[in-house]
Amino acid sequence: MFKKLTDKYDKNFAHLSVYAGAGGDDAKDWAKMLFLMYFKYAQKRGWKVLITDDMAMEIRGDFAYGFLKKEAGVHRLVRISPFSSKKLRHTSFALIEVVPILPDIENQKIVIPESDLRIDTFRSSGPGGQNVQKLETAVRVVHIPTGVVASCQSERSQLQNKDRALRLLKSKLFNLMMENQKQELSQLRVKVKPEWGSQIRSYVLHPYKLVKDHRTKTESSQPDDVLAGDLDKFIESELGLE
């Protein structure tokens with residue numbers, strides 16, 4: 001199976017983030033559902049997962065990036081909204097971002113000028129947004145030229161969170177350089193926004209049950225199983241590993 005995962009960074013660990021689209025509570029709930037889906041998928045594969053921030057996780061396992069890289073994109077949910085008193089059908093969107101975690105040697109090669117960074121601190125939050133610490137140990141780092149953001153609140157100290165956030169920022173910028181075919185970080189001067197293009201997969205829970213990948217036409221009539229982490233059919237089909 002691994003023979004087809006031959007890109008340079010396929011064997012690396014991965015960082016996966018979920019962003020809710022417009023739509024209030026429904027969109028936020030859909031983002032949480034997807035986050036849990038990938039968390040369970042990683043567990044099923046025996047990978048270790050570190051939740052680094054709200055709706056963000058580092059997935060540690062051989063070929064984690066190779067398996068997950070094509071999950072990046074817009075995912076669409078159709079269901080009866082649990083937040084609608086009239087029980088209306090609602091469509092929600094969420095965006096998945098996947099980047100490879102760079103090895104230490106390559107991470108050190110990426111040097112970001114201090115003047116290009118804005119570093120903010122805030123309190124780490126627990127379930128439901130409850131502040132669990134009085135100290136501002138969580139760190140958010142912004143790359144000013146592009147607007148790319150990375151944050152971490154999983155570590156105990158501000159210094160550790162800053163280090164992990166900077167590593168993640170470098171991974172995001174490196175991924176952006178690859179996508180835009182840039183050789184130097186200084187060439188990334190345009191503000192970057194999440195790419196909300198056409199959806200790659202739809203999850204329909206009403207009026208029928210169907211998960212369909214719009215790239216490979218792979219389908220499942222068991223969306224509950226898919227949302228519980230049963231993603232092998234879709235991932236292997238997209239990677240040509242069937």
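A donor-acceptor contact shorter than 3.5 Å links the side chain of Asn161 to the backbone of Thr137. Within the 3.5 Å criterion, the main-chain N or O of Ile110 finds a donor-acceptor partner in the side chain of Lys170.
Under 4.0 Å is where a charged nitrogen must lie from a carboxylate oxygen, and between Asp53 and Arg140 no such pair does. Salt bridge Asp120/Arg118: present, at least one basic N to carboxylate O contact under 4.0 Å. Ion pairing between Arg201 and Glu71 holds under the 4.0 Å rule for side-chain N and carboxylate O.
In this structure Asp232 satisfies the salt bridge (charged side-chain N to carboxylate O under 4.0 Å, His left out) test together with Arg45, sequence neighbours excluded. Partners of Asp25 under the salt bridge (charged side-chain N to carboxylate O under 4.0 Å, His left out) rule, at least two apart in sequence or in another chain, do not exist in this structure. Remark: Arg79 pairs with Asp26, Asp29 by the salt bridge (charged side-chain N to carboxylate O under 4.0 Å, His left out) rule, at least two apart or across chains. Applying the side chain to side chain donor-acceptor pair (under 3.5 Å) criterion to His206, with sequence neighbours excluded, gives no partner residue.
Looking only at atom types and distance, the side chain of His15 has a donor-acceptor partner in the side chain of Thr52 under 3.5 Å away.
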Step by step, work out the ring-ring contact (aromatic ring centres under 6.0 Å, His included) result for Trp47 and Phe13. CA-CA 9 Å; Trp47 294 336; Phe13 297 169; 9.4 Å; no
Residue pair Phe174, Tyr9: steps toward the ring-ring contact (aromatic ring centres under 6.0 Å, His included) verdict: CA-CA 11 Å; Phe174 177 79; Tyr9 298 98; 5.1 Å; yes
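Each salt bridge (Lys or Arg N to Asp or Glu O under 4.0 Å) pair with one or both residues in residues 157-168, not counting sequence neighbours, appears once here: Glu58-Arg164, Asp104-Arg167, Glu155-Arg164.
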Extract all donor-acceptor atom pairs below 3.5 Å that involve side chains of residues 85-94 and protein atoms in other chains or at least two apart in sequence.
none

